[in-house]
Amino acid sequence: MRIVCEENLNKKLLDLYHQLRSEHGTLKWWPADTPFEVALGAILTQATAWRNVVKAIDNLKAADTFTPEQIHAISQDELEQLLHPSGYFRMKAKKVRAFVKHIVQRPMQEMFKQDVPELREELLSIYGVGPETADSIILYAAEKPSFVVDTYTYRLLSRLGWVEGNFHYARLRALFMDNLPHDVNLFNEYHALIVRHGARVCQKTPECQACGLQSVCDYFSN
Ligand code: SF4
């Protein structure tokens with residue numbers, strides 16, 4: 001993946017943020033009550049729609065199995081059953097189990113005392129936690145500035161004409177990390193807005209007629 005327009009990226013990124021905000025308003029993510037619920041959601045949402053995550057989380061809550069200790073105590077079969085709606089439930093159960101095993105021994109509040117690079121390294125060392133999941137946990141559960149990127153981010157920036165080539169998580173994240181102030185609220189809203197725009201407007205087949213970014217979009221002008 002290559003960044004095509006490197007000039008004034010700081011201003012361009014802030015302008016894009018304000019355009020997305022005027023289009024979608026303030027979103028205030030993440031839809032969860034506790035840091036643990038955020039982390040659980042970040043693992044369960046891998047390769048599935050959020051509505052399926054909600055069903056799995058509701059299952060855990062209904063079974064009164066919603067603390068790290070309670071999840072750690074149930075069998076693999078039980079956990080798989082409860083997580084069934086989230087898709088890839090066997091693999092997700094392994095990932096959730098690895099995560100709760102880690103935080104039963106080392107509580108999240110302890111982990112979250114670290115700075116972003118150390119916290120990120122620790123999260124990435126846990127089975128099933130990849131870069132997007134780690135950054136989501138850091139940003140939305142620990143409330144520390146680590147920008148989250150995903151395929152929505154890539155699709156939008158590639159259509160705007162800012163990047164080309166294949167999706168590359170680290171390079172795309174660096175584009176935001178290196179050119180924006182490290183502000184938790186800004187990172188929180190920015191990622192949420194990109195996801196909202198990608199899910200509702202700049203979809204696989206884009207709804208360009210409903211999009212406020214036409215004037216700055218290469219895809220639209222071409
Ligand atoms: S104009 Fe179309 S392609 Fe460009 S950002 Fe909007 S929806 Fe996406």
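Whatever order the structure lists them in is the order used to number ligands and atoms, beginning at 1.
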Donor-acceptor pairs are to be reported for all side-chain atoms of residues 30-42 against protein atoms at under 3.5 Å, with residues two or more places apart or in another chain.
residue	atom	partner	partner atom	Å
T34	OG1	E37	N	3.0
E37	OE1	D33	N	3.4
E37	OE1	K61	NZ	3.4
E37	OE2	K61	NZ	3.4

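- Aromatic pair Y154/H168: centroids not less than 6.0 angstrom apart.
- Follow the hydrophobic side-chain contacts under 4.5 Å out from L79 and you never reach Y88; the two are in separate clusters.
- If you number the atoms of ligand 1 from 1 as listed, the ones under 4.0 Å from a heavy atom of L156 come out as 5 (S).
- A salt bridge is defined here as a Lys NZ or Arg NE, NH1 or NH2 lying under 4.0 Å from an Asp or Glu carboxylate O, and E80 with K92 fails to meet this definition.
- Legend: protein N/O/S atoms lying under 2.8 Å from atom 2 (Fe) of ligand 1, waters omitted, number 1.
- Side chain to side chain, E189 and T26 fail the donor-acceptor criterion of an N or O pair below 3.5 Å.
- Within 6.0 Å of CZ in R90 there are 12 or fewer heavy atoms belonging to other residues, nucleotides or ligands.
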